[in-house]
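Following: one structure in structure tokens, then a few remarks.
From a predicted model like this one, the values you see are computed outputs, not experimental measurements.
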Amino acid sequence: TYQATQSGTSITYAEIPITAAKLKNADGTFCETSKVQAGDEIPYVVDKWSPAAKPVTVKFDSNGAAGSMEDQTVMPGDTFTFPANGFTAPEGYAFAGWKTSLTGDQVIPANTPYEVPAELPVNEITLIAQWQLKTYTITWKNDDGNLIDTTTVEHGTVPTHDDPVKANTDEYTYTFAGWTPTVVAAIEDAAYTATYTAEKNKYTVKFLNDDGTELSSNEVEYGTVPTA
């Protein structure tokens, strides 16, 4: 709506804002009519204007997932329970909950009850599915089967671990050679076992005379009988 003002041959227009009517209740409060449409009836019940509440349609946004979920209907002021996920999660992701403009950045888990406000600016709510990367437990073992460590990684991440050390013996010196099976990007829980190369230790054997002088010296592997 505009108001026209003429000055000589010049006409200017000013917009006149239109606000929804407010109906005054007996207790001095007011009933808003901003959502009332033409033809709607507003009954006066127990000293209070009470426009009939309109059902709110709840829609579901897959947020990149496959599948669909049927709309639901809830009335303002009623308790609505956030439903279980009905979409097929994207590869490597798990359902985390729902987001909606009514709850801000908060992620609401499934099966959480929520009291729908009695006064809503819209008659439609969209719940947006939230997805989070799956995580997996990676078990690291020594070659004797004993546990070295457990770690967690997100889906698609190649797990890593510091090289383990195996105690040397009189017979062998051990060097870490890698993990079996071959470490790959995680798509499920996995276990890896350390492998080592074993090098037989060598020792220097000296043959001495009774006066302490050296007769000969040989380097032999562990378990080998030395000869002079």
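Counting only N and O atoms by type, the side chains of H155 and Y136 include a donor and acceptor under 3.5 Å apart. Residues Y203 and D170 bring no donor and acceptor atom of their side chains to less than 3.5 Å of each other. T173 and N201 form a side-chain donor-acceptor contact under 3.5 Å, judged by distance and modelled atom types alone. For the residue pair N63 and D61, no side-chain donor N or O sits within less than 3.5 Å of a side-chain acceptor on the partner.
T126 is not listed as a side-chain neighbour of F60, based on a closest heavy-atom distance of 4.5 Å or more. Within the 4.5 Å cutoff, side-chain heavy atoms of Y196 are placed close to those of D143.
Once rounded to the nearest 0.5 Å, the distance linking OG1 of T150 with CD1 of I138 reads 10.0 Å.
Judged purely by atom type and a 3.5 angstrom limit, Q130 uses its side chain to pair as donor or acceptor with the backbone of I128. Side chain of T157 to main chain of P159: no donor-acceptor pair is present (N/O by atom type, distance under 3.5 Å, no hydrogens or angles). Side chain of W179 to backbone of K141: no donor-acceptor contact under 3.5 angstrom is found.
D210 is linked by a side-chain hydrogen bond (donor to acceptor under 3.5 Å, both in side chains) to nothing, counting only residues two or more places apart in sequence or in another chain.
Between K134 and E154 no salt bridge is recorded (no basic side-chain N to carboxylate O distance below 4.0 Å).
Within 6.0 Å of atom CD in E171, more than 12 heavy atoms from other residues, nucleotides or ligands are found, so the atom counts as buried in its surroundings. Within 6.0 Å of the CG atom in D211, the count of heavy atoms belonging to other residues, nucleotides or ligands exceeds 12. Within a 6.0 Å sphere centred on NZ of K206, heavy atoms belonging to other residues, nucleotides or ligands number 12 at most.
Among T151, D162, L147, the single residue meeting the side-chain contact (heavy atoms from CB on, under 4.5 Å) criterion with W140 is T151.
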Expected list for residues 65-82: side-chain donor-acceptor pairs under 3.5 angstrom, two or more places apart:
residue	atom	partner	partner atom	Å
D71	OD2	K59	NZ	2.8

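Listed here is the closest heavy atom pair of P90 and W131: CD-CD2, 3.8 Å.
Among pairs with a residue in residues 214-228, none fulfils side-chain hydrogen bond (donor to acceptor under 3.5 Å, both in side chains), at least two apart in sequence or across chains.
Relative orientation of the Y174 and Y172 rings is tilted, given thresholds of 30° and 60° on the angle between their planes.
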